[in-house]
Amino acid sequence: MIPVGLLVLLAVKVFLVGSQTSEQATNPPSSTGEQPPLADGNLSFPWSRLRLPRYIVPLHYHLLLHPNLTTLRFTGSVQIQIDVHNNTNWVVLHSKGLQISKATILDPDLAHVSDQVLPVLHNPSHEQIGIFSPRVLSSGQKYFLYIEFEAELADGFYGFYKSTYRTSEGEIRNLASTHFEPTSARMAFPCFDEPSFKANFSVRIRRSPEYISLSNMPVIKTTPLSGELFEDQFAPSVTMSTYLVAFIVCDFKSVSATTSSGVKVSIYAAPEKWKQTHYALEVAVKMLDFYEEYFNIRYPLPKQDLIAIPDFQVGAMENWGLTTYRETSLLYEPLTSSISDKLWVTMVIGHELAHQWFGNLVTMDWWNDIWLNEGFARYMEYISVEATYPDLQVEEYQLHTCFAAFGLDSLNSSRPISSPAESTTQIEEMFDTVSYDKGACVLHMLRHFLTEEVFQGGTVRYLRKYSYGNANNQDLWDSLSNTCSEDDFTSGKHCYSSDQASKNAYLFAGEHLNLTAMMNTWTLQKGIPLVTVSRKGPRLLLRQNRFLRTVLPSDPQWAAVQQGFLWHIPLTYKTDTSNTIHRHLMTSPTDSIHIGEEVSWVKVNSDMTGYYVVHYADDGWDVIVKLLRENHTALSYKDRTHLIHNAFQLVTAGHLKLTKALELIGYVQLEKHTVPLLEGLGYLQFFYHMTERMDEPLLTMNLGKYILQFFGAVIDQQTWSDSGTVSERRLRSEVLSLACHLEYPPCLERANQLFKDWLHSNGTLNLPTDVAETVFAVGAQDEHGWTSLLNTYKISLSDAQKDKILSALTSSKSKDKLHRLLAMGLEGNVIRSQDLSHLILMISRNARGHHLAWNFVKKNWDTLVEKFQLGSFCIRNIIMGTTGKFSSPEELTDVQQFFETIKEQASQLRATQLALDNVHKNIRWVQRNLESLRIWVNEQMK
Ligand code: BES
Ligand code: ZN
């Protein structure tokens, strides 16, 4: 944060610059986007910071846009009502790639302050423009800034961009859509493009009669203009941030319904995909009803449109009242969408609609706290889907959110949940696993710690208090601490007036708790605590360290990386002597708890509601192994899953022997629950893929045999159908896919038969949706099958099916075919650019495509960055995905050398350091564990 005093000083400086140069201002600089960055004539750009000055505040934008879907250009004008807080001659705001043809400033009566076109200076490196007013704009006054501009519809996925789709007749049609978050509203219109500059937006859009236009609010008036044009006028929006503004011109069709409180919900898609919109409609209506009740705050707009955009970089975007989705995130096609596809659509809608409150109604002050948006939205996916679609059993996958966070947060190059972010690349990079998954996991921990009632009460208080405004972490902790009204303060339980106790006082086990102090250890400090427990008589001894997978306790740098880390850990544990879950808040490096001499086993971190790893020292793991073998149902399925995950994490971090973790999953043969079963299977599968890539044919073969033997019963139980519960269906998908990959003859036979039937039916046979991908993957192994699949890919109207086919195509053993796919992805016609990063990832997962994908990335790096932008999801996924499984020193050197060649960009990216850390971790793993794995597998095969 910039101190207020400094801001005032800066403002004064700017004012001086303006007044000194006012005489020369009659000669406006040329006003195209291609201007030199700074000085122009005698005016120099008045502002040197990345963030805008705070002394001019936008209040209301009147925006007119006219995209031309034939010339693929748009023109526009914006009138922004501004509130001036300091005398100045300059208005500085954002604009990127826009040609500005006119700028004027009008006084409050809409009379010109200056009767001439004003000089506009550009600072492209900061994506800012400065408009010079020869007359001083006075503090305390409101003015209107008026700007006319034009640009091409963007080619990528940001700003006001072009998208296309193909009809079944082969006609290519265009549409224009927006994606602004985090910093691309400035590509569509000049604006104060920071989340705390909230304003109202009145939008008008001009279009030809064959199109419709959509924006955040409903159309209130349509006016015919000359030349076959119509102008749609939208109702003024609520007060909101620029990154949530959206507008679309397209020829899509929709279905609509109304929620119980009267909000009109519509799902839009390309005309021929209209049939796939019905499930989303049902979900969206239910979700809006649910959130209105859960938050006890009305959804404030009269409508919510959800639209499937054919070219979309990420999964979905929460623009207020007009949420945009990738087609696979919104469309559900019963004949080809699997249960996982259905779950995905449900969760994505749950996520974007949660943002209508968390993010849209209350927005983080700045991007450093994007977790307040994304962590909450990710967490609400689970709460909302659990409540609205209990059959989807979404709770079973919540642990994986935390596992995903562990993956990154256990590397030294991780970051705190709240981290500084100034440049656009840094801001983009904030949308990562730490903000989403660690954020959600920490909220999950907090909810369990505070109880559901207090957590919900506090979050609702937060949403109410900061509605239409901005908030930071402290505001959240304060709201969670004050969950009672003033009247309740005296009654005790959770409530204290400020003079009774410190601001964040909380009652926990009879002690006052400072919630801010506790939560700061989770949000301002990176990493994961490792809690080591040991038994000493009746006591459980506890020690906390930082959990790192890259630095082992035996390494010389161990002490240095541990220095200064301490968490306030809400510990929970269960023992064999009672049915209750015990609690203990651990705030110091070491601690102990009385549990009693008679206790035979303790399981710490019950149901993994806490964000920490547990190590059972001495013979602690033997006790656990025995318990799982003899009586695994004494623990919940979440506890069992957690133990498996925990054990393998400890192996990587050098605290536990690989053989112990392998011994632990020996019980999995008894396991009836899908989640721990898949967790155990997942590690074996992971090792299989690893050895396969490392060119260890004998070990790979033996491991494959072992897996088939060990899981034989589960594999043989599976049917090739879509029947059963959601868990059963997901298990089936995973298990059959693995069995066929391991070339289990009965699996191949069945898949080949189904594929043949499918081919003979000319693609009209409906394969069971959950196994279709496996059937396609088996079919894709010969020339005819692969080509037929590619042909179906080209014409299929189901994006769910296309995804399955693409995945199958990438499983080919032919390097030529993999090359061909990459070339098609780069070209972007048959395989859309939006799918390129996923394509690269899938190819790098194929043992034969591993290096091929990485070489492709190195060769086409500049094109990829140009397509997706440096800090984007896609670029980071490409880096992490292609290097993620490297495990040899040669590969590490290769990655290092490549990053050296792109030094300028690499130094701006956290992802490159993470990638190097990760490869380093893999190398250590192989050095330390490969031989044990080999010996262990051989022993099992005896
Ligand atoms: N606000 C994000 C979209 C976004 C992502 C903007 C990255 C800028 C950078 C949206 O709410 C989101 O989180 N999308 C996720 C959706 C998830 C539930 C599938 C995504 O796109 O992956
Ligand atoms: Zn989100």
Side-chain angles (χ1 to χ4, degrees), residues 156-159 161 177-185 187 193 195 240-246 280 283-284 287 291 304 306-309 311-331 340-364 367 369-385 394 397-398 400-401 404 421 424-440 443 803 834-835 837-838 841 868-877 911:
F157 305 93
Y158 295 92
Y161 71 95
S177 180
T178 55
H179 179 99
F180 292 166
E181 192 180 20
T183 58
S184 296
M187 291 173 72
D193 199 9
M240 60 192 240
S241 308
T242 45
Y243 78 88
L244 293 168
V245 174
V283 175
M287 289 279 180
Y291 283 132
Q304 165 70 232
L306 299 88
I307 182 166
I309 305 291
D311 298 280
F312 201 81
Q313 182 172 176
V314 290
M317 174 65 210
E318 70 266 26
N319 318 296
W320 215 342
L322 175 55
T323 50
T324 44
Y325 300 77
R326 186 178 266 257
E327 291 183 315
T328 46
S329 303
L330 190 68
L331 304 179
S340 302
D341 296 333
K342 189 175 197 175
L343 184 65
W344 175 250
V345 167
T346 319
M347 293 189 78
V348 177
I349 297 176
H351 179 106
E352 302 313 332
L353 296 186
H355 274 313
Q356 309 297 300
W357 285 263
F358 278 108
N360 301 9
L361 188 63
V362 179
T363 314
M364 70 281 148
W367 302 108
D369 276 335
I370 187 64
W371 85 281
L372 290 172
N373 279 11
E374 299 302 350
F376 260 111
R378 162 98 344 133
Y379 192 47
M380 291 311 297
E381 289 171 29
Y382 289 90
I383 296 186
S384 65
V385 177
V394 70
Y397 298 93
Q398 218 243 295
H400 294 86
T401 305
T424 50
T425 301
Q426 288 167 345
I427 292 170
E428 282 268 347
E429 259 205 305
M430 292 296 287
F431 293 80
D432 67 354
T433 301
V434 171
S435 290
Y436 280 78
D437 300 307
K438 183 174 181 182
L443 289 171
D803 264 11
Q834 66 159 11
D835 298 319
S837 69
H838 190 53
L841 255 59
F868 301 118
Q869 290 198 2
L870 194 55
S872 65
F873 259 15
C874 286
I875 287 295
R876 285 177 283 137
N877 280 342

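For ligands, and for the atoms within them, numbers begin at 1 and follow the listed sequence. Worth saying up front: this structure is predicted, and the values here are computed from it rather than measured.
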Would you compute the distance between atom CE of Met287 and atom CD of Gln304 and round it to the nearest 0.5 angstrom? 12.0 Å
In ligand 1, which numbered atoms sit nearer than 4.0 Å to a non-hydrogen atom of Met317? 1 (N), 3 (C)
Geometric class of the His179/Phe312 ring pair [parallel <30°, tilted 30-60°, perpendicular >60°]: perpendicular
Below 4.0 angstrom from a heavy atom of Glu318, which ligand 1 atoms are there? Numbered from 1 as shown, please. 1 (N), 2 (C), 10 (C), 11 (O)
What protein heavy atom sits nearest atom 2 (C) of ligand 1, and how far off is it? Glu374 OE2, 3.3 Å
Give yes or no for whether the N/O distance cutoff of 3.5 Å, strictly under, is met between Gly315 and ligand 1. yes
Among Phe431, Phe873, Tyr436, closest by any non-hydrogen atom to atom 13 (O) of ligand 1: Tyr436
For ligand 1, which part of Glu352 has a heavy atom less than 4.0 Å away: the side chain, the backbone, both, or neither? side chain
Which segment of Met347 sits under 4.0 Å of ligand 1 when only heavy atoms are counted: neither
Any N or O on Glu428 sitting closer than 3.5 Å to an N or O of ligand 1? no
Please confirm whether Arg378 comes within less than 3.5 Å of ligand 1 when only nitrogen or oxygen atoms on both sides are compared. no
Distance under 4.0 Å to a non-hydrogen atom of Ala316: what atoms of ligand 1 satisfy this? 2 (C), 3 (C), 10 (C), 12 (C), 14 (N), 21 (O)
Would you kindly specify which portion of Trp344 sits under 4.0 Å from ligand 1, judged on non-hydrogen atoms: side chain, backbone, both or neither? side chain
